[in-house]
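Ligands are counted one by one from 1 in listed order, and the atoms in each one are counted from 1 as well. Computed from a prediction, not measured in an experiment: that's the story for all the values here.
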Amino acid sequence: MFVDSHAHLDGKQFQTDREQVIARAREAGVETIVAIGNGDGPGTLDCGIQLAEKYEFMYATVGIHPHEAKQAAEADFLELEELAKRPKVIAWGEIGLDYFYDHSPREIQQQVFVKQMELAGSAKLPIVIHCRPSSNTEEDAWEDCLGLIHQHWAARGLGGILHCFTGTWTHARRALDMGFMISFAGNVTFPKAQQIRDAAKQVPLARMFIETDSPYLAPVPHRGQRNEPAFVRETARQVGELLGLSMEDVGQQTTENFYRFFSLPEKLKSV
Ligand SMILES: [Zn+2]
Ligand SMILES: [Zn+2]
């Protein structure tokens, strides 16, 4: 059994075969998928909820991605506050900082990030963090992101998830100390991603999630294709190789972590 803790299934990449993609995930043993609700930004902020309300085995998030931070207006924050009350919403995200693409000015990204931490705190939801520095060896976004979390979030005790983790063990440890889970995606299988594999060897298995970030970052051996939730098995396989465990063991443990972290009933298992 597996949980794909992070997938974007709302987009046009899945327009023609979304049903089959979801059916393949179920056949592959994926029992739960978190439908990330960023969409294309304001105007599409309920996209994760729509999926989670259609499929019983899905949960949803809401939030404005750092890419679209410059589009965020007061009305969008009010909408998010309302959407966050819907029963299938389990987290606020993905939110954070992306200094690689810089689609929004960094100062705006930071403001929108802090604002959403306040809203998530009021909604009592953990946060899903996207953090990408200007290059893999830069500290810029990590310093700002972990610093803002420390300043504006950690004391709330709600924790969160560092999604699609690409940092070092030092970054992971700082987040673990603030109650975060570390989620590994398909890029842990990429030949050049030794830094991610080194971190994965050190993160306690009990604090780990796995995800696809579909449709992005398809793992080896599907690299370059559209990613889909069934491929979460490849992340589990790679993490298992690093830890000397089977793919199934990693799936089982990360699934238990997921239910425990979100205090969710495991009733969906029988669906
Ligand atoms: Zn992301
Ligand atoms: Zn994502």
Side-chain angles (χ1 to χ4, degrees), residues 3-14 18 21 25 30 32-42 44-52 58-72 80 89-104 106 109-110 112-113 116-117 120 125-136 138 140-142 144-146 148-149 160-167 171-172 175 180-188 190 193 196 199 209-219 226-229 231-232 235 258:
V3 172
D4 182 354
S5 70
H6 191 113
H8 303 260
L9 297 178
D10 54 289
K12 59 182 181 307
Q13 296 93 335
F14 295 109
R18 189 174 292 108
V21 165
V30 178
T32 299
I33 300 170
V34 180
I36 300 298
N38 297 126
D40 301 318
T44 56
L45 299 174
D46 64 342
C47 65
I49 294 174
Q50 284 191 28
L51 282 164
M58 286 193 197
Y59 292 101
T61 70
V62 293
I64 296 173
H65 193 283
H67 287 342
E68 284 95 32
K70 66 182 175 198
Q71 297 175 37
L80 286 170
V89 174
I90 58 169
W92 195 298
E94 58 189 281
I95 59 176
L97 303 174
D98 193 310
Y99 292 176
F100 185 81
Y101 287 109
D102 281 326
H103 286 330
S104 290
R106 293 179 185 182
Q109 291 188 42
Q110 292 162 15
V112 170
F113 180 27
Q116 292 186 93
M117 283 194 274
L125 292 172
I127 51 179
V128 179
I129 296 295
H130 171 105
C131 179
R132 188 157 185 201
S134 54
S135 85
N136 278 343
E138 282 296 329
D140 47 15
W142 284 112
D144 290 353
C145 191
L146 292 168
L148 289 171
I149 292 170
I161 300 109
L162 285 193
H163 116 84
C164 188
F165 186 69
T166 57
H171 303 134
F180 275 68
M181 305 294 283
I182 310 294
S183 184
F184 290 94
N187 50 359
V188 74
F190 293 178
I196 307 176
F209 283 178
I210 53 174
E211 64 171 81
T212 58
D213 206 11
S214 300
Y216 315 109
L217 291 173
R226 179 189 66 176
N227 201 0
E228 61 175 72
F231 299 166
V232 77
T235 299
F258 179 84

- Is it true that the side chains of His103 and Gln71 contain a donor and an acceptor less than 3.5 Å apart? no

- Working for side-chain contact (heavy atoms from CB on, under 4.5 Å), residues Val21 and Arg226: CA-CA 11 Å; Val21 165; Arg226 179 189 66 176; 3.3 Å; yes

- Task: Please work out which of the three classes, parallel, tilted or perpendicular, describes the rings of His8 and Tyr216, given edges at 30° and 60°.
- Result: perpendicular

- Message: Quick check on Asp102: does its CG atom have over 12 non-hydrogen neighbours (other residues, nucleotides or ligands) under 6.0 Å away?
- Response: yes

- Flag if over 12 foreign heavy atoms under 6.0 Å of CG, Asp40: no

- Residue and atom names of protein N/O/S atoms that fall under 2.8 Å from the Zn ion (ligand 1): Glu94 OE1, His130 ND1, His163 NE2

- Any chance you could lay out the side-chain contact (heavy atoms from CB on, under 4.5 Å) test for Thr235 and Thr212, step after step, and finish with the verdict? CA-CA 8 Å; Thr235 299; Thr212 58; 5.9 Å; no

